[in-house]
2 protein chains.
Amino acid sequence: MKITALEEYGLRCMVLLARQRDDDPLTLPEFATREGFSIPYAGKLLMILKRSGLVKAVRGRKGGYVLAQSPEEITLKEIFEVLGKPVFSAGYCGRYAREHEVCIHSGDCTVKNIWQTFDEFIESYLEQVTLADLASGDISPLEENGLKLQQKA
Amino acid sequence: MKITALEEYGLRCMVLLARQRDDDPLTLPEFATREGFSIPYAGKLLMILKRSGLVKAVRGRKGGYVLAQSPEEITLKEIFEVLGKPVFSAGYCGRYAREHEVCIHSGDCTVKNIWQTFDEFIESYLEQVTLADLASGDISPLEENGLKLQQKA
DNA sequence: AAAAAACTTTACTTTTTTGTAAACTTTTTG
DNA sequence: CAAAAAGTTTACAAAAAAGTAAAGTTTTTT
């Protein structure tokens, strides 16, 4: 299981923006310097975020990027949907079919089912954490964070 | 977020094995045919699984591979630990440091914290699903599967 | 004991992901 | 209105992951 580079760095850009004043946009060189990648790469990331509507670009001399909504209104789920694909997505059956016309999935689609359930599980977490939670810096263990995992009797 | 090819196909091999009689090993050509990849690739996968102790190789004419334990005793967490890295692992801070000596993580390590918590959350799920659950083919939605996610009051 | 069937290893090709370079367009400020 | 500062696009280079080929080793069965 892997977090892609786009997800990692894209999320960091969002955190930087969440800590910024609304009327003070962050520029591409600033993103690049503060996270250690090139300016064009920062451009690529912010372009993705902008197209999705999560951030707005301010053009001109005093321009840069600002969040489109307040950090409290943005969940990790929304950010992740923009930066990458979920564990289970529409193309799954085709992606692993290879030379076969349809997937051959160990006889039946049992593996598909586990990813689908797993994905639901993950998203139930992501949709409960906001960008404000992240920016404030105290993501706590599950139990202290409003989430609890229970074993049914 | 991405499931790697090794994780996908390695898990499928384990499911195939879980559905096999103990005294009837599966051979590399059988894995290859049934999942649609080459025999050497099957060898690569099974080698990883064997080194980790999850499966045993039986050499000679009637050889092949068998599970080292019964499917009820093997959790998804164990399988995943062998086939890939978790979302948050030891090398994290170095992996994203790039040209910097240490990670620069948006001022402080807030992003690291979220992955660490996220990883705990994921593993709490993976360790409750066994290979037997998978092989039986009915992975149900969370609530019906002994797991429940609760919002704290 | 020899051959067959299976596991094992090393090296290599292909594909995808990452990341950069460079040129271009737009908007604001003096 | 021109220059500067910033966003935007296209194309390309480097690195990692995925997958294959081929040759070698071990064990069992005849």
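Keep in mind that what you see is a predicted model, and the values were worked out from it rather than measured. So that the names make sense, note that chain A is the first sequence line, chain B the second, and so on, each numbered from 1.
B/Leu45 has its CG atom 11 Å from the P atom of D/dT20, to the nearest Å. Atom C1' of nucleotide C/dT17 and atom CG of A/Leu83 are separated by 15 Å, given to the nearest angstrom. Distance, B/Glu8 CD to D/dG19 P: 10 Å, rounded to whole Å. Atom pair A/Leu46:CG and D/dT9:P shows a separation of 13 Å (rounding to whole Å applied). Rounded to a whole Å, the CD1 atom of B/Ile48 is 13 Å from the P atom of C/dT8. If you measure from atom CG of B/Leu28 to atom P of D/dT20, you get 14 Å, rounded to the nearest angstrom. Taking atom NZ of A/Lys56 as the reference point, atom C1' of D/dA6 lies 17 Å away to the nearest angstrom. When the C1' atom of D/dG7 is taken as reference, atom CD of A/Glu30 falls 14 Å away, rounded to whole Å.
Contact annotation: B/Arg61 does not reach the phosphate of C/dA2 (side-chain N/O to OP1 or OP2, under 4.0 Å). A close approach under 4.0 Å does not occur between any side-chain nitrogen or oxygen of B/Tyr41 and OP1 or OP2 of C/dT14. A/Arg59 has no side-chain polar atom (N or O) that falls below the 4.0 Å cut-off from OP1 or OP2 of D/dA4. One finds no side-chain N or O of B/Lys44 lying less than 4.0 angstrom from the OP1 or OP2 phosphate oxygen of C/dT10. A close approach under 4.0 Å does occur between a side-chain nitrogen or oxygen of A/Lys50 and OP1 or OP2 of D/dT8.
No path of Ile, Leu, Val, Met, Phe, Trp and Tyr side chains, each step under 4.5 Å between heavy atoms, connects A/Val66 with A/Leu49, placing them in separate hydrophobic clusters. Hydrophobic clustering, with ILVMFWY side chains joined whenever heavy atoms are under 4.5 angstrom apart, groups B/Ile48 together with B/Val55. Follow the hydrophobic side-chain contacts under 4.5 Å out from B/Leu6 and you reach B/Tyr9 in the same cluster.
Of all nucleotides listed (D/dG19, C/dA22, C/dT18), D/dG19 comes nearest to the side chain of B/Ala5. Here the side chain of A/Tyr9 is nearest to one of C/dG19, D/dG19, C/dA22, namely C/dG19. The side chain of A/Met47 lies closest to D/dT9, out of D/dT9, C/dC7, D/dT29. Side-chain proximity of A/Tyr65 to the nucleotides C/dC7, D/dG7, D/dA22 is greatest for D/dG7. Distances from the side chain of A/Lys2 to the nucleotides D/dA17, D/dA6, C/dG19 place D/dA17 closest. Side-chain proximity of B/Phe37 to C/dC7, D/dT20, C/dA4: nearest is D/dT20.
Across all strands shown, B/Ile39 has no heavy atoms under 4.0 Å from either base or sugar-phosphate atoms. Using a 4.0 Å heavy-atom criterion, one finds that B/Gly63 contacts the sugar-phosphate atoms exclusively.
Exactly one of B/Leu46, B/Thr33, B/Leu45 qualifies for a side-chain contact (heavy atoms from CB on, under 4.5 Å) with B/Leu28. That residue is B/Leu46.
Separation of the A/Phe37 and A/Phe31 ring centroids does not fall under the 6.0 Å cut-off.
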Next item on the list: For salt bridge (Lys or Arg N to Asp or Glu O under 4.0 Å), just list the numbers for B/Arg12 and B/Glu8, CA-CA rounded to whole Å, side-chain angles, deciding distance to a tenth of an Å, and then say yes or no.
Entry: CA-CA 6 Å; B/Arg12 289 191 195 187; B/Glu8 175 75 32; 2.8 Å; yes

